[in-house]
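Data block below; observations after.
Each residue takes its place number in the sequence, starting with 1. Hydrogens, waters and symmetry mates play no part in the numbers below; they use all other heavy atoms, side chains included.
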Amino acid sequence: TLELDGDRLLLTGPDDVRLAFDAVDRYQALVGEWDVVNLATADAVTGPVAGTAPTVAFADDGTVSATTGCNQAGGEWQLEGNALAIGPLATTFRTCDSPDGIMDQEAALFQALENTAQMSVAGDTLTLLRADGTITLVLTEAG
């Protein structure tokens with residue numbers, strides 16, 4: 001059976017198995033600070049460099065900021081349905097030697113943000129995608 005109760009959809013199947021789905025305000029789901037779990041590089045989607053904790057924050061005023069463990073970036077974001085546009089980003093320009101690979105990670109993170117064209121939220125996971133549906137970033141709620 002199918003039941004709609006306000007913003008909640010309830011599906012009941014055989015053996016009284018129930019599934020509940022709650023409507024999500026995408027704008028409010030996006031706003032907050034997120035930890036980077038995976039990011040697209042030239043060769044693969046990979047986790048952060050050991051010893052770093054890059055983050056991305058979407059503010060309610062339409063600004064976005066990112067920290068990489070070396071530099072910071074900031075810009076604007078716009079959301080319309082699932083379509084998410086980020087950037088262009090302004091960045092600081094420090095050079096960091098350690099940990100190994102941090103500058104490549106930083107470049108990949110900033111590029112991933114600017115390549116984002118759509119988003120998906122499931123629980124505490126935010127997935128940012130290119131226009132073709134491939135992943136640019138996977139983030140989890142900071143906490």
Side-chain angles (χ1 to χ4, degrees), residues 1-13 17-143:
T1 62
L2 171 81
E3 180 183 343
L4 187 58
D5 182 15
D7 287 340
R8 176 171 271 200
L9 172 66
L10 296 168
L11 302 175
T12 305
V17 173
R18 296 181 133 206
L19 300 174
F21 301 91
D22 294 316
V24 174
D25 178 328
R26 292 181 191 284
Y27 186 92
Q28 289 305 316
L30 183 61
V31 171
E33 188 167 333
W34 300 87
D35 295 326
V36 174
V37 176
N38 296 107
L39 68 146
T41 65
D43 302 324
V45 175
T46 185
V49 170
T52 68
T55 63
V56 177
F58 293 91
D60 198 27
D61 66 359
T63 59
V64 61
S65 60
T67 60
T68 65
C70 182
N71 285 293
Q72 299 177 352
E76 295 183 350
W77 63 274
Q78 293 180 332
L79 180 66
E80 190 172 314
N82 288 337
L84 176 62
I86 300 172
L89 298 174
T91 65
T92 58
F93 290 104
R94 289 182 43 211
T95 300
C96 298
D97 296 326
S98 89
D100 190 40
I102 192 163
M103 297 306 295
D104 291 334
Q105 171 179 278
E106 178 175 289
L109 176 60
F110 296 160
Q111 188 66 50
L113 287 168
E114 289 190 346
N115 287 340
T116 295
Q118 37 186 325
M119 56 87 72
S120 171
V121 176
D124 66 351
T125 301
L126 170 63
T127 305
L128 304 183
L129 308 158
R130 291 181 188 87
D132 66 6
T134 57
I135 292 173
T136 60
L137 286 169
V138 177
L139 308 127
T140 58
E141 282 185 87

- Message: Once salt bridge (Lys or Arg N to Asp or Glu O under 4.0 Å) is applied, do any residues pair with Arg130, and if so which ones, sequence neighbours excluded?
- Response: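 So Arg130 forms no salt bridge (Lys or Arg N to Asp or Glu O under 4.0 Å) with any residue.
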
- Thr41-Asp43 side chain donor-acceptor pair, cut-off 3.5 Å: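 Per modelled atom types, Thr41 and Asp43 side chains form no pair under 3.5 Å.
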
- Message: Between Thr67 and Thr55, do the side chains contain a donor N or O and an acceptor N or O under 3.5 Å apart?
- Response: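 Note: Thr55 and Thr67 side chains meet the donor-acceptor criterion.
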
Of the non-hydrogen atoms in [X] and [Y], which two are nearest, and what is the gap between them?
X: Ala108; Y: Ala40; answer: CB-O, 3.6 Å
X: Asp35; Y: Glu141; answer: OD2-O, 4.1 Å
X: Ala112; Y: Leu137; answer: CB-CG, 3.8 Å
X: Ile102; Y: Val49; answer: N-CG2, 4.5 Å
X: Leu126; Y: Phe58; answer: CD2-CE1, 4.0 Å

- Query: Checking side-chain contact (heavy atoms from CB on, under 4.5 Å) for the pair Arg26/Val121: CA distance, chi angles, key distance, verdict?
  - Reply: CA-CA 8 Å; Arg26 292 181 191 284; Val121 176; 5.7 Å; no

- Which residue pairs pass the ring-ring contact (aromatic ring centres under 6.0 Å, His included) test when at least one of the two sits in residues 118-141, sequence neighbours left out? none

- Over 12 foreign heavy atoms within 6.0 Å of CD, Gln28: yes

- Query: Among Thr46, Thr127, Val138, which residue meets the side chain to side chain contact (heavy atoms under 4.5 Å, CB included) test with Asn38?
  - Reply: Val138

Could you grab the distance from atom [atom1] of [X] to atom [atom2] of [Y], nearest 0.5 Å is fine?
X: Gln118; Y: Leu79; atom1: CD; atom2: CG; answer: 11.5 Å
X: Glu76; Y: Gln78; atom1: CD; atom2: CD; answer: 7.0 Å
X: Met119; Y: Leu129; atom1: CE; atom2: CG; answer: 9.5 Å
X: Asp7; Y: Asp25; atom1: CG; atom2: CG; answer: 10.0 Å
X: Gln105; Y: Phe110; atom1: CD; atom2: CZ; answer: 10.0 Å
X: Ile135; Y: Leu128; atom1: CD1; atom2: CG; answer: 10.0 Å

Could you give the side-chain donor-acceptor pairs of residues 85-100 under 3.5 Å, partners two or more places apart or in another chain?
| from | atom 1 | to | atom 2 | distance (Å) |
| --- | --- | --- | --- | --- |
| Thr92 | OG1 | Asn71 | OD1 | 2.7 |
| Thr92 | OG1 | Gln72 | N | 3.0 |
| Arg94 | NH1 | Cys70 | O | 3.1 |

- Query: With Ala117, which residues qualify under side-chain contact (heavy atoms from CB on, under 4.5 Å), at least two apart?
  - Reply: Ala131

- Message: So, using side-chain contact (heavy atoms from CB on, under 4.5 Å) as the criterion, who are the partners of Leu10 when residues are at least two apart?
- Response: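 Listed in chain order: Glu3, Arg8, Ala20.
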
- Message: Assess the residue pair Val56 and Val36 against the criterion (side-chain contact (heavy atoms from CB on, under 4.5 Å)); give the C-alpha distance rounded to whole Å, side-chain angles, the decisive distance to 0.1 Å, and a yes or no.
- Response: CA-CA 7 Å; Val56 177; Val36 174; 4.2 Å; yes

- What residues form a ring-ring contact (aromatic ring centres under 6.0 Å, His included) with Tyr27, not counting sequence neighbours? Trp77

- Task: Carefully, step by step, assess Thr136 and Leu113 under the rule side-chain contact (heavy atoms from CB on, under 4.5 Å).
- Result: CA-CA 7 Å; Thr136 60; Leu113 287 168; over 6 Å; no

